[in-house]
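Have a look at the structure below before the remarks.
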Amino acid sequence: MDWVYSEKVKDHFMNPRNILVKENDFKYDAKGEVGNMKCGDQMAFYIQVDPKLGTISDCRWKTYGCASAIASTSILSEKVKGMKLEDAYKITPKDITKELDGLPEHKIHCSVLGDKALRAAIDEYYKSHGMSEKVHKEEAKIICQCMNVTDEEIEHAVLEGARTFLALQEKTKLGTVCGQCKDKATELMNKYISTHFEK
Amino acid sequence: MKARTVYLDNNATTPIHPEVKKTMIEAMDIYGNASSVHSFGRKARRSIEQARTSISDFIGATPDEVIFMGSGSEANNTVLNIFTCRCFSCAVSADGKCKEIITSKVEHPCVLRTSECILEKGTPVKYVGSDEYGRVDVEQLSKMISKNTGLVSIMMANNETGTIMDIKRIAAIAHANGALMHTDAVQAVGKIPVDVRDLGVDFLTFSGHKLYGPKGVGGLYVRKGAVFCPMIHGGHQEQGRRAGTENTIGIVGMGKAAEAMKHEMPADVKKIKTLRDKLKEGIKRSVSDIKFNGHPEECLPGTLNVSFEGCEGESILLYMDLEGIAASTGSACASGSLDPSHVLLAMGLGPEVAHGSIRFSFGRENTEEDVDYVLGKLPGIIERVRKMSTAYTGKGK
């Protein structure tokens, strides 16, 4: 019978790899936590680093999330083992989605948590090991001055399904006062659509 | 292949009753247009009017008070839209002003979304809250209502929690203030006794596929003498209240369903309630850190809504699906939005609890073996989800 997700998603959902059952069971060098319960999803990623090679030697994760969050993080946890920290940092949700043989479009937003948590863990490692200069600052920029809407919120609206400026306005209320940000917001929206959804 | 499937999502939709199926197959040969004067048309007319009588019998109305429509959603939209009419000739807007509507925070989206829409068109809308069980707060409603209120629209039973509202009392309050009363009884008709006269309502919505009838057909009870204004124009069908050639097969099916449920409902209710209670007790025994949502007594016999601490609803749902068990989540994650259930939030539940809630809803075809099967699988599924959860703090079992 057809399932909502691909066979690969089903496999990882049924048998998630590298789950952290108890914090004491795994000696980790850094931990990254993202998401919150209010939004209904939360992710924690734990890494063990080989300091000589600069690679992730082992990892574990935990989540309060739906099937696509579980499957994407499970496959991510397999992928990053042995990977250099710099390379692991560059993994995008699109890479993961591809490996999972796709996800339904409306579930893409659930899959972005895993790599976010991984980056948070790597940042944490850099900070605690005297490499703070390597931490990427991902500070939100305000795009719509009137309604105080940031690029992060635009990205979130795209992940939640916004594909037109009108839909973007409905979700974020940006550009509803002076309208000066319309071009910049549309450009960003299209950028995020291609980042997350173009095959 | 799956060893077994268990359908516990009867609030979403019900399987077609075998007699309904038989009647509908026969009705496929009735192809005349019920508005035609010839024998083919008259045959269709006869079967539609027979269905109308069955429905009106079932809800305590007279046949001319029943209007067939395309769905329960259409019926709800129609009622709310009556009160946006500004035509000079329409009785609704006789004084040229739109009166306000009072509805509740726990209504079905087809009422809530329509309310937002008619507010934009200029009809004021107020929302009454609910208590911790999801029961509409009657005290708050009596304070909110005024001479400016044109309509009070409150659902009879909630789809997510099964909580039954005190419609009789609310209707009395509405009428005492000169307002009309509508109830969306889509989840009630076929599950509990519904009598429009006893309830004292002016409008009541019902739907075919929630009472073992077909999808794509529903309707509205409109009390004789109540104001009306059609939403779909262009035909004299349904007393000019809903244009469009009648869906003969659907209407006949829904009529048969009402006829069957009139006889079978009392026994069904008993059986369904026993099964629901068995599942509730079983979950209580085998799973820790849970919370049942909805009113402990004033509740549909077949609905069980339960929150599992630290569990995300969609994962539970999909693990159950892989075992052949069909239920539903209070969280809307599966439908594309991360917003938790507006009903559970209105009851005062935290978003984290609302995200982890599952609705089991029983129907006439469920058996004791179904419950045993679910109780055999569910504790393991919950344990599995909790093991990987960042949010589970309990000890487990």
Side-chain angles (χ1 to χ4, degrees), chain A residues 1-5 9-23 25 31-46 60-71 73-74 77 103-110 112-113 117 156-157 159-161 170-171, chain B residues 1-5 113 116 120 307-324 326 329-342 344-345 349-358 380-396:
Chain A
M1 200 175 65
D2 278 0
W3 211 54
V4 199
Y5 301 111
V9 175
K10 188 168 160 178
D11 174 39
H12 279 271
F13 176 60
M14 285 299 282
N15 308 292
R17 332 292 201 250
N18 305 309
I19 292 265
L20 181 82
V21 180
K22 282 192 198 117
E23 280 215 15
D25 293 352
K31 170 187 177 185
E33 235 177 329
V34 293
N36 66 67
M37 292 300 298
K38 258 202 173 134
C39 300
D41 44 12
Q42 197 174 39
M43 181 72 66
F45 210 99
Y46 306 75
R60 294 286 185 278
W61 59 278
K62 268 171 109 82
T63 189
Y64 176 91
C66 58
S68 55
I70 292 170
T73 313
S74 171
S77 72
L103 278 174
E105 191 158 298
H106 68 273
K107 300 303 295 187
I108 301 258
H109 68 149
C110 310
V112 302
L113 277 185
H156 189 74
L159 287 166
E160 289 261 287
E170 196 169 306
K171 282 186 194 286
Chain B
M1 280 310 285
K2 276 168 198 165
R4 192 188 171 95
T5 53
R113 191 66 198 94
E116 284 171 31
E120 281 173 22
S307 300
F308 299 95
E309 191 200 312
C311 296
E312 197 277 327
E314 197 222 32
S315 328
I316 304 176
L317 209 65
L318 290 177
Y319 282 125
M320 288 203 296
D321 182 41
L322 292 166
E323 301 285 3
T329 152
S331 145
C333 188
S335 60
S337 145
L338 279 177
D339 298 337
S341 148
H342 68 279
L344 299 180
L345 293 183
L349 266 68
E352 68 283 1
V353 184
H355 273 297
S357 71
I358 299 288
I381 290 171
I382 299 301
E383 198 191 327
R384 184 175 192 164
V385 175
R386 281 179 176 169
K387 240 183 200 166
M388 67 171 105
S389 173
T390 48
Y392 182 58
T393 51
K395 304 168 294 297

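We name chains A, B, ... by the order of the sequence lines, and we start the count at 1 in each one.
Top candidate by heavy-atom pairs under 4.5 Å with chain B, chosen from A:L20, A:I19, A:T63, is A:T63. Listed options A:A69, A:G65, A:A44 were ranked by heavy-atom pairs under 4.5 angstrom with chain B; first place goes to A:G65.
Within the model, atoms OG1 of B:T390 and CH2 of A:W61 stand 10.5 Å from one another, a figure rounded to the nearest 0.5 Å.
Between B:K387 and A:V21 the shortest heavy-atom distance is CG-CG1, 4.1 Å. The shortest heavy-atom contact between A:F13 and B:Y319 is O-OH, 2.6 Å. Between B:E314 and A:A67, the closest heavy-atom pair is OE1-N, 2.9 Å. Nearest heavy atoms, A:I70 versus B:M388: CD1-SD, 3.7 Å. In this structure, A:C66 and B:S315 approach most closely via the heavy-atom pair CA-OG, 3.7 Å.
Side-chain contact check for B:S389 versus A:K62: every heavy-atom pair is 4.5 Å or farther apart. A 4.5 Å side-chain heavy-atom check between B:L322 and A:M14 finds at least one atom pair inside the cut-off.
Between A:Y64 and B:H355, the ring planes lie perpendicular to each other; the angle is over 60°, past the 30° to 60° tilted range.
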